[in-house]
Enquirer: 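The structure that follows is given in the form of structure tokens.
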Amino acid sequence: MVDQTHPLLRNLNTQQCEAVTVADGPVLVLAGPGSGKTRVLTHRIAWMLSEIQTPAWQILAVTFTNKAARQMRERLTTMVGRETALDMSVGTFHATCARILRREAEHTRFSRDYLILDADDQLALMKLVVKELGLDDKKYRPAALLNAVSQAKNELLTPEQYPIRTYHDEIVARAFTRYQAALRSSNALDFDDLLVEPVRLFQTEAELLEKYRRRFRYILVDEFQDTNLAQYVLLRLLTQEHRSLYAVADEDQSIYSWRGADYRNIRRLRQDYPELTQILLTENYRSTEVILNAAQAVIAHNPDRTPKQLFTKKKGGATITLREAYDEQEEAAFVAREIQSLQRTGKALNEIAVMYRTNAQSRALEETFIREKLPYRLIGGVRFYARKEIKDVLAYLRLAQNSDDNISFQRVVNVPARGIGTRTLATIVESATQANCSAYQAAQQLLQERALGSRAERPVQFFLSLVAGWQEARESMTVVALLDRILGEVDYQSFLRDGSDEGESRWENVLALRAVTAEKPDLTLIDFLTEVALVADVDDIDEEVRAVTLLTLHSAKGLEYPIVFITGLEEGLLPHSRSIEDSPEAVAEERRLFYVGITRAEERLYLSYAFRRGWYGNSDPTGPSRFLGDLPNTGLANPKARSNNRSQGWGGSSWKTAPTQAAPARRERTSIQPRFQRGQRVHHRRFGDGAVQESVIEGNEEIVTVLFFDNRIGVKQFLASMAPLEPAAEH
DNA sequence: AAGGATTGCTTTTTT
DNA sequence: AGCAATCCTT
């Protein structure tokens, strides 16, 4: 029996205590949302450090995002003290692997200063491959090829092992081969390689594996359901001997299968570790009963899952508001108005999040928020590090690190324009392919042989000397200083600041990047570039900022907010049409995505969908999401709204400006009966006749929204108990 | 070689 | 609708 009064176990429930103090060996904690998964993981580490006297350097904790890693490190610092907390390894799979590969580069086929390609770079590289292989890029879309290659890598296949059944497979295999060769010649790795290469390394170098088995004697993994095969094999390699693997998972929150994540890893774990201890966490600390029940009702419809009976002590709770809007503008207006009235009840903006399926959906919300002067913060979308100007500047820095980086070379060789046109570049690239060397080396060679056109000679010479200068300067300069030198030498500022507002904002972005480098004077260039390649947008969420958070359902994983809006709950959007076309399993994953969204909410949940939505420039009618039909009636503020009911007055233009009633988060149950209902004719002493649009009980008040027939009056809201409002006599 | 006009394509989700 | 790739003109 564990002493639950131990300082580290106080405020934990029995299940959690067991999970924290369980004996060493393979452990799988299966937990529902809001059950304190990450908290348990953190306490487990603190427990190991302080009670079992586990040496900190032997612990590896793997998290899903850098943000989670940072939070865990901070919590551990307060729990066990700074030295110990900083002594252990905490980080994402990718960051951990990147570090191992840097250290052990001599055992690999690439050098220590390899670069990490982001999605854009990968696509650019694959485009080059497609061109080089003379493929029709309509029939063999680079993005599709990249996807196939990525899947293959996730399954730990080499180009030679790629299974060929059709001609299409043959083409993929060729592209795969060339793509890997291109990565090698640029001394670059993509995201998948970061995971695959350590596996290869450990499979071939027994001594190295032994070293890391001793180094990572205790391994803990968060969000285990979202690991892919490469990650699983890596974990198995490291732990199959000492068998100290502690995994925390929720299969209902598996939402990354399109990226290779495989929840069947949970089954593999049970098979490979038959002595596995399994612990269930079923108490939810986050959400009210109403929200949790809705979430469970939704997820219960998925087949092939282990049913979990989750419960919460937050009984009751504010009802869920389900809203149909005419289009995405009105939906956004509804969200904005609702947020404004929440603000009036004392809610801070950073307690509110608006979620959606696709990044494109943020636009309508942003436009409305800007108009309403509602501060918001957008997560994802076009990431900071994906912006053109930032990628340019990073390309310069990458060349300073590694002049053989062909992708960066081609990106900025003529940015700003310096007279190296497509012809010259083509000559260089062709010569590089012939000589099997980098573009930089080929350019040097061509220059020596005087094989370039006379016009191109000078600019090429100039560019090469710039890069050479930066490479030399890199050793003795901080990243900021190097960046300043580069920006000066290529005159990037006057290139960007062309007088347009856009130019100004681009330059501001460059300055923001400069500020990032200035903050970290101790970081070497290669470490800076690695960090930049591996940060996610969610990593930078500052909880203190007074703004509404806008983010995709995927980005919302692991986060929680008192108030959550989930918008765009329409067939084709959630579930997404791609998934509907794809397979029932894909639709099941969409359902899990909805589940993840619902369970982010602590107090109050708003769901909305639009009757029609803009798509490729036109606006098409949609239908409410199939998932809405699975919500329980109890707990819904307006259960009828989810039926696909188009009979009730669409098209009235005044609808678009209809304000929505305030619905602050309240815990107490409603006790009074509404006097009015939607569609009912009413008469107001001052405003005349109208129709009830909505009547909602809030606290002990009935709030009626009325559309008056007099257009000059439009829509008004009243307290039913106070207003001179009566049901109108029937005509 | 650079800038402007036209086409055609896109929207899943991201470490 | 918006944007990137491509074409076309100078």
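Reminder, nothing fancy here: chain letters follow the sequence lines and each chain counts from 1.
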Enquirer: Whole angstroms only, please: what is the CG-C1' distance between A:L123 and B:dC9?
Expert: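 One finds 14 Å between C1' of B:dC9 and CG of A:L123, rounded.
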Enquirer: Is the ring of A:Y256 stacked on the base of B:dT14, with centres less than 5.5 Å apart and planes under 30° off?
Expert: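 No, A:Y256 does not stack on the base of B:dT14, since the centre distance and plane angle fail the 5.5 Å and 30° test.
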Enquirer: Check every atom of B:dA1, B:dA2, B:dT11 against the side chain of A:H576 and return the nucleotide holding the closest atom.
Expert: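 Of the options given, the side chain of A:H576 lies nearest B:dT11.
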Enquirer: Touch check for A:N414, heavy atoms < 4.0 angstrom, all strands: base, sugar-phosphate only, or nothing?
Expert: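 The residue A:N414 makes sugar-phosphate contact but no base contact.
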Enquirer: Taking C:dT6 as the reference, what is the distance to B:dT11 when you measure between their C1' atoms (whole Å, please)?
Expert: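 That atom pair is separated by 22 Å.
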Enquirer: I need the NZ-P distance between A:K131 and C:dA5, as an integer number of Å.
Expert: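 Result: 11 Å.
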Enquirer: By the 4.0 Å heavy-atom rule, please label A:G614 as base, sugar-phosphate, or nothing.
Expert: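 No contact.
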Enquirer: Will you find, in the side chains of A:Y595 and A:Q253, an N or O donor that is under 3.5 Å from an N or O acceptor?
Expert: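 Result is no, nothing qualifies.
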Enquirer: Assess the pair A:Y609 and A:F627: is the distance between their ring centroids shorter than 6.0 Å?
Expert: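 No, they do not, as the ring centres are separated by 6.0 Å or more.
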Enquirer: Examine B:dT15: is either OP1 or OP2 under 4.0 Å from a nitrogen or oxygen in the side chain of A:N228? Give yes or no.
Expert: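 No.
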Enquirer: What do you reckon, do A:F93 and the base of B:dT15 stack, with centroid distance below 5.5 Å and planes below 30°?
Expert: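 Stacking between A:F93 and B:dT15: absent.
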Enquirer: Could you label the plane-to-plane angle of the A:F565 and A:Y606 rings as parallel, tilted or perpendicular, counting under 30° as parallel and over 60° as perpendicular?
Expert: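 Correct class here is parallel.
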Enquirer: For A:S555, report the nucleic acid contact type (base, sugar-phosphate, nothing); a contact means any heavy atom under 4.0 Å.
Expert: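 Counting heavy atoms under 4.0 Å across all strands, the contact made by A:S555 is with sugar-phosphate only.
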Enquirer: Between A:R418 and A:T92, name the one whose nearest nucleotide on DNA chain B is closer to the 5' end.
Expert: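 The 5'-side residue here is A:R418.
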Enquirer: Picking from B:dT15, C:dA4, B:dT14, which would you name as closest to the side chain of A:W258?
Expert: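 Of the candidates, B:dT14 comes closest.
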Enquirer: Of A:N66 and A:R141, whose closest DNA chain B nucleotide lies nearer the 5' terminus?
Expert: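 Nearer the 5' end of the strand: A:R141.
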Enquirer: Check A:A61 against A:M72 and note the closest heavy-atom contact, atom names and distance.
Expert: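 Closest approach of A:A61 to A:M72, heavy atoms only: CB-SD, 4.0 Å.
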Enquirer: Using the six-membered ring wherever Trp is involved, compare the ring planes of A:F216 and A:Y212 and label them parallel, tilted or perpendicular (cut-offs 30° and 60°).
Expert: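 The rings of A:F216 and A:Y212 sit tilted, inter-plane angle from 30° to 60°.
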Enquirer: Within the structure shown, what part of the strands sits under 4.0 Å from A:T422 by heavy-atom distance: base, sugar-phosphate, or nothing?
Expert: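 Since only primed, P, OP1 and OP2 atoms lie under 4.0 Å of A:T422, the category is sugar-phosphate.
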Enquirer: Could you tell me the separation between the CD atom of A:E581 and the P atom of B:dT13, rounded to a whole number of Å?
Expert: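 Whole-Å distance recorded here is 15 Å.
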Enquirer: The side chain of A:K388 lies closest to which of these nucleotides: B:dA1, C:dA4, B:dT11?
Expert: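 The listed nucleotide nearest to A:K388's side chain is C:dA4.
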Enquirer: Do A:D392 and A:Y492 have a side chain donor and acceptor closer than 3.5 Å?
Expert: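 A:Y492 and A:D392 do have a side-chain donor-acceptor pair below 3.5 Å.
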Enquirer: Once you round it to whole Å, what is the distance between P of B:dT13 and CG of A:L550?
Expert: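 It is 14 Å, rounded to the nearest whole Å.
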Enquirer: Does OP1 or OP2 of B:dT13 have a side-chain N or O of A:K557 closer than 4.0 Å?
Expert: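 For B:dT13, OP1/OP2 do not have a side-chain N/O of A:K557 under 4.0 Å.
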Enquirer: Could you please name the option among B:dT13, B:dT11, B:dT15 that lies closest to any side-chain atom of A:H94?
Expert: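 Closest of the options to the side chain of A:H94: B:dT15.
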Enquirer: How is A:R363 classified with respect to the nucleic acid when contacts are heavy atoms under 4.0 Å: base, sugar-phosphate, or nothing?
Expert: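 The answer is sugar-phosphate, as A:R363 gets under 4.0 Å only of primed atoms, P, OP1 or OP2.
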Enquirer: Give the rounded distance in Å between these two atoms: CD of A:Q231 and C1' of B:dT14.
Expert: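 To the nearest whole Å, that distance equals 13 Å.
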Enquirer: Taking atom C1' of B:dT14 as reference, at what distance in whole Å does atom CZ of A:F191 sit?
Expert: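 A:F191 atom CZ is separated from B:dT14 atom C1' by 8 Å.
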Enquirer: What is the separation between atom CG on A:L553 and atom P on B:dT14, rounded to the nearest whole Å?
Expert: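 Roughly 10 Å, once rounded to whole Å.
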Enquirer: Ignoring backbone atoms, test whether A:N359 places a side-chain nitrogen or oxygen under 4.0 Å from the OP1 or OP2 oxygen of B:dT13.
Expert: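 For B:dT13, OP1/OP2 do have a side-chain N/O of A:N359 under 4.0 Å.
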Enquirer: Rounded to the Å, how far apart are A:D190 CG and B:dT15 C1'?
Expert: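 Atom-to-atom, A:D190 to B:dT15, this comes out as 12 Å.
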Enquirer: If we take the P atom in both C:dA4 and B:dT13, what is their distance in whole Å?
Expert: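 Pairwise P distance, C:dA4 against B:dT13, rounds to 15 Å.
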